[in-house]
Amino acid sequence: MDVTLHLAQDPEADALLGRSPLAALVGMLLDQQVPMEWAFKGPATIAQRLGTDDLDAHEIAAHEPEAFAALLSQKPAVHRYPGSMAKRIQQLCQYLVEHYDGDAEAVWTDVATGKDLLKRLAELPGFGKQKAQIFLALLGKQLGVRPTGWREAAGSYGEPDSFRSVADITGPESLVKVRAHKQEMKAAAKASGS
(Lines give C-alpha, C1' and ligand atoms only; values in the text may rest on other atoms or scores of the structure.)
Protein backbone atom coordinates (compact mmCIF):
# COMPACT_ATOMS: atom_id res chain seq x y z
CA MET A 1 0.00 0.00 0.00
CA ASP A 2 1.64 3.21 -1.11
CA VAL A 3 -0.72 5.69 -2.72
CA THR A 4 -1.51 9.36 -2.26
CA LEU A 5 -4.70 10.00 -0.35
CA HIS A 6 -6.24 13.42 0.28
CA LEU A 7 -8.43 12.76 3.29
CA ALA A 8 -6.64 14.83 5.93
CA GLN A 9 -5.88 17.62 3.44
CA ASP A 10 -2.41 17.66 5.03
CA PRO A 11 0.51 16.24 3.01
CA GLU A 12 2.28 14.42 5.88
CA ALA A 13 -0.91 12.99 7.36
CA ASP A 14 -2.16 11.92 3.93
CA ALA A 15 1.19 10.29 3.13
CA LEU A 16 0.90 8.17 6.29
CA LEU A 17 -2.67 7.18 5.40
CA GLY A 18 -1.52 6.12 1.93
CA ARG A 19 1.32 3.89 3.12
CA SER A 20 -0.03 2.54 6.42
CA PRO A 21 -3.05 0.21 6.48
CA LEU A 22 -3.37 0.67 10.26
CA ALA A 23 -3.33 4.46 9.94
CA ALA A 24 -6.11 4.27 7.33
CA LEU A 25 -8.22 2.04 9.63
CA VAL A 26 -7.62 4.33 12.63
CA GLY A 27 -8.55 7.38 10.56
CA MET A 28 -11.78 5.69 9.50
CA LEU A 29 -12.50 4.78 13.12
CA LEU A 30 -11.98 8.41 14.19
CA ASP A 31 -14.27 9.68 11.40
CA GLN A 32 -17.34 10.39 13.50
CA GLN A 33 -18.61 13.52 15.22
CA VAL A 34 -15.64 15.57 13.99
CA PRO A 35 -14.71 17.07 10.61
CA MET A 36 -13.28 14.45 8.28
CA GLU A 37 -9.91 16.20 7.97
CA TRP A 38 -9.53 16.25 11.75
CA ALA A 39 -10.30 12.52 11.95
CA PHE A 40 -7.87 11.50 9.22
CA LYS A 41 -5.10 13.72 10.58
CA GLY A 42 -5.41 11.80 13.87
CA PRO A 43 -3.18 8.83 12.94
CA ALA A 44 -0.27 11.15 12.06
CA THR A 45 -0.75 13.07 15.31
CA ILE A 46 -0.78 9.82 17.30
CA ALA A 47 2.37 8.57 15.52
CA GLN A 48 4.15 11.87 16.17
CA ARG A 49 3.21 11.79 19.87
CA LEU A 50 4.43 8.19 20.11
CA GLY A 51 7.72 9.33 18.56
CA THR A 52 7.44 7.18 15.44
CA ASP A 53 6.67 7.57 11.74
CA ASP A 54 3.97 4.85 11.67
CA LEU A 55 1.45 3.17 13.92
CA ASP A 56 2.07 -0.28 15.35
CA ALA A 57 -0.91 -2.36 16.49
CA HIS A 58 1.16 -4.32 19.02
CA GLU A 59 2.52 -1.13 20.59
CA ILE A 60 -0.87 0.58 20.79
CA ALA A 61 -2.64 -2.53 22.10
CA ALA A 62 -0.05 -2.88 24.88
CA HIS A 63 0.02 0.83 25.76
CA GLU A 64 -1.19 1.69 29.27
CA PRO A 65 -4.82 2.85 28.70
CA GLU A 66 -4.69 6.02 30.81
CA ALA A 67 -1.41 7.08 29.23
CA PHE A 68 -2.79 6.44 25.74
CA ALA A 69 -5.93 8.47 26.54
CA ALA A 70 -3.70 11.29 27.85
CA LEU A 71 -1.69 11.13 24.61
CA LEU A 72 -4.86 11.65 22.55
CA SER A 73 -6.07 14.39 24.92
CA GLN A 74 -2.99 16.62 24.53
CA LYS A 75 -3.77 19.93 22.84
CA PRO A 76 -4.84 19.88 20.13
CA ALA A 77 -6.86 16.79 20.99
CA VAL A 78 -6.96 14.03 18.40
CA HIS A 79 -10.78 13.87 18.64
CA ARG A 80 -13.68 15.66 20.32
CA TYR A 81 -13.91 12.62 22.63
CA PRO A 82 -10.24 11.65 23.07
CA GLY A 83 -10.77 9.31 26.02
CA SER A 84 -13.44 7.17 24.42
CA MET A 85 -11.66 7.17 21.06
CA ALA A 86 -8.39 6.13 22.72
CA LYS A 87 -10.24 3.12 24.14
CA ARG A 88 -11.73 2.30 20.72
CA ILE A 89 -8.36 2.57 18.97
CA GLN A 90 -6.82 0.22 21.54
CA GLN A 91 -9.71 -2.22 21.10
CA LEU A 92 -9.19 -2.14 17.32
CA CYS A 93 -5.45 -2.76 17.73
CA GLN A 94 -6.04 -5.56 20.25
CA TYR A 95 -8.43 -7.21 17.78
CA LEU A 96 -5.85 -6.89 14.99
CA VAL A 97 -3.18 -8.43 17.22
CA GLU A 98 -5.44 -11.33 18.20
CA HIS A 99 -6.86 -12.07 14.74
CA TYR A 100 -4.25 -10.81 12.26
CA ASP A 101 -0.97 -10.81 14.24
CA GLY A 102 -1.15 -7.01 14.28
CA ASP A 103 -1.09 -6.72 10.48
CA ALA A 104 -3.97 -4.42 9.47
CA GLU A 105 -3.45 -5.14 5.78
CA ALA A 106 -4.11 -8.84 6.44
CA VAL A 107 -7.77 -7.89 6.93
CA TRP A 108 -8.05 -7.57 3.15
CA THR A 109 -5.05 -9.25 1.49
CA ASP A 110 -6.45 -12.75 1.05
CA VAL A 111 -10.20 -12.24 0.67
CA ALA A 112 -11.90 -13.71 -2.38
CA THR A 113 -15.08 -11.63 -2.46
CA GLY A 114 -16.34 -8.21 -1.53
CA LYS A 115 -18.92 -9.87 0.70
CA ASP A 116 -16.16 -11.61 2.67
CA LEU A 117 -14.22 -8.37 2.98
CA LEU A 118 -17.30 -6.48 4.16
CA LYS A 119 -17.83 -9.16 6.82
CA ARG A 120 -14.23 -8.85 8.02
CA LEU A 121 -14.42 -5.05 8.16
CA ALA A 122 -17.76 -5.09 10.00
CA GLU A 123 -16.21 -7.40 12.63
CA LEU A 124 -13.60 -4.78 13.53
CA PRO A 125 -14.32 -2.98 16.82
CA GLY A 126 -15.87 0.41 16.10
CA PHE A 127 -16.90 -0.53 12.54
CA GLY A 128 -20.60 -0.97 11.86
CA LYS A 129 -22.03 -1.86 8.46
CA GLN A 130 -21.98 1.70 7.08
CA LYS A 131 -18.40 2.41 8.18
CA ALA A 132 -17.34 -0.99 6.82
CA GLN A 133 -19.00 -0.23 3.45
CA ILE A 134 -17.34 3.18 3.24
CA PHE A 135 -13.92 1.71 4.04
CA LEU A 136 -14.50 -1.08 1.51
CA ALA A 137 -15.31 1.58 -1.10
CA LEU A 138 -12.13 3.47 -0.15
CA LEU A 139 -10.08 0.28 -0.56
CA GLY A 140 -11.61 -0.40 -3.97
CA LYS A 141 -11.70 3.10 -5.38
CA GLN A 142 -8.35 4.43 -4.18
CA LEU A 143 -6.19 1.61 -2.83
CA GLY A 144 -6.63 -1.00 -5.55
CA VAL A 145 -8.20 -3.65 -3.30
CA ARG A 146 -10.92 -5.05 -5.55
CA PRO A 147 -12.08 -8.56 -4.71
CA THR A 148 -14.94 -9.92 -6.83
CA GLY A 149 -18.17 -8.06 -6.04
CA TRP A 150 -16.53 -5.28 -4.03
CA ARG A 151 -18.73 -2.51 -5.51
CA GLU A 152 -21.92 -4.42 -4.69
CA ALA A 153 -20.72 -5.17 -1.15
CA ALA A 154 -19.91 -1.48 -0.64
CA GLY A 155 -23.50 -0.59 -1.55
CA SER A 156 -24.10 2.95 -2.80
CA TYR A 157 -20.62 3.94 -1.59
CA GLY A 158 -19.12 1.69 -4.27
CA GLU A 159 -20.89 3.42 -7.15
CA PRO A 160 -18.46 4.93 -9.65
CA ASP A 161 -18.38 8.72 -10.08
CA SER A 162 -20.33 9.34 -6.88
CA PHE A 163 -19.48 11.80 -4.12
CA ARG A 164 -20.98 10.18 -1.03
CA SER A 165 -18.08 9.57 1.35
CA VAL A 166 -14.36 9.71 2.07
CA ALA A 167 -13.97 6.97 -0.54
CA ASP A 168 -14.66 9.61 -3.20
CA ILE A 169 -12.31 12.36 -1.99
CA THR A 170 -9.31 12.78 -4.22
CA GLY A 171 -8.68 16.50 -3.66
CA PRO A 172 -10.29 19.81 -2.68
CA GLU A 173 -12.94 19.77 -5.45
CA SER A 174 -14.25 16.31 -4.59
CA LEU A 175 -14.19 17.23 -0.88
CA VAL A 176 -16.59 20.10 -1.62
CA LYS A 177 -18.88 17.72 -3.54
CA VAL A 178 -18.90 15.13 -0.74
CA ARG A 179 -19.66 17.85 1.82
CA ALA A 180 -22.54 19.10 -0.34
CA HIS A 181 -23.94 15.56 -0.60
CA LYS A 182 -23.76 15.11 3.18
CA GLN A 183 -25.56 18.45 3.70
CA GLU A 184 -28.31 17.31 1.33
CA MET A 185 -28.68 14.01 3.22
CA LYS A 186 -28.90 15.82 6.58
CA ALA A 187 -31.47 18.27 5.23
CA ALA A 188 -33.55 15.42 3.76
CA ALA A 189 -33.41 13.48 7.04
CA LYS A 190 -34.41 16.57 9.01
CA ALA A 191 -37.29 17.32 6.60
CA SER A 192 -38.60 13.77 6.93
CA GLY A 193 -38.36 13.92 10.71
CA SER A 194 -35.69 11.22 11.02
Return yes when atom [atom1] of [X] has more than 12 non-hydrogen atoms of other residues, nucleotides or ligands closer than 6.0 Å, and no otherwise.
X    : atom1 : result
R88  : CZ    : no
K141 : NZ    : yes
K87  : NZ    : no
Q74  : CD    : yes
E66  : CD    : no

[atom1] of [X] to [atom2] of [Y]: how many Å apart, nearest 0.5 Å?
X    : Y    : atom1 : atom2 : value
L92  : F127 : CG    : CZ    : 6.0 Å
Q48  : L71  : CD    : CG    : 10.0 Å
W108 : F135 : CH2   : CZ    : 4.0 Å
I60  : L50  : CD1   : CG    : 6.0 Å
L118 : Q133 : CG    : CD    : 5.5 Å
L175 : M36  : CG    : CE    : 4.5 Å

Heavy-atom side-chain contact between [X] and [Y] under 4.5 Å:
X    : Y    : result
I134 : D31  : no
V78  : M85  : no
V145 : V111 : no
L121 : V107 : yes
D101 : H58  : yes
Q9   : K41  : no
S174 : D168 : no
R120 : Y100 : yes

Next on the checklist: Restricting to side-chain hydrogen bond (donor to acceptor under 3.5 Å, both in side chains), what partner residues turn up for Q94, sequence neighbours left out?
Outcome noted: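 Partners of Q94 under the side-chain hydrogen bond (donor to acceptor under 3.5 Å, both in side chains) test: none.
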What heavy-atom pair brings [X] and [Y] nearest, and what distance separates the two atoms?
X    : Y    : value
E159 : R151 : C-NH1, 3.8 Å
L22  : C93  : CD1-SG, 4.1 Å
L16  : D53  : CD1-O, 3.5 Å
P147 : T113 : CB-C, 3.7 Å
A23  : L55  : CA-CD1, 3.9 Å
L117 : L139 : CD2-CD1, 4.0 Å

Checklist entry - Y95 vs H99 aromatic rings, parallel, tilted or perpendicular, using cut-offs 30° and 60°? => result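 If you compare the ring of Y95 with that of H99, the planes turn out parallel.
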Checklist entry - Would you call the rings of F68 and H63 parallel, tilted or perpendicular, where under 30° means parallel and over 60° means perpendicular? => result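 The rings of F68 and H63 sit tilted, inter-plane angle from 30° to 60°.
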Please confirm whether the backbone N or O of [Y] pairs with a side-chain atom of [X], one donor and one acceptor, at under 3.5 Å?
X    : Y    : result
W38  : A77  : yes
Q142 : I169 : yes
R80  : Q33  : yes
H79  : L30  : yes
K131 : M28  : yes

Next on the checklist: According to salt bridge (Lys or Arg N to Asp or Glu O under 4.0 Å), who are the partners of R49, at least two apart in sequence or on a separate chain?
Outcome noted: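 Result, salt bridge (Lys or Arg N to Asp or Glu O under 4.0 Å) vs R49: none returned.
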Checklist entry - Do we see a donor-acceptor contact under 3.5 Å between the side chains of Y157 and Q130? => result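 There is such a pair between these side chains.
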Can [Y] be reached from [X] by stepping across I, L, V, M, F, W or Y side chains whose heavy atoms are under 4.5 Å apart?
X   : Y    : answer
Y81 : V26  : no
L7  : F163 : yes
V97 : I46  : no

Checklist entry - Step by step, would you call L143 with L5 a side-chain contact (heavy atoms from CB on, under 4.5 Å)? => result CA-CA 9 Å; L143 301 172; L5 295 177; 4.1 Å; yes
Item to check | Full working for salt bridge (Lys or Arg N to Asp or Glu O under 4.0 Å) between K177 and E173 | outcome: CA-CA 7 Å; K177 291 178 182 179; E173 289 177 21; 5.5 Å; no
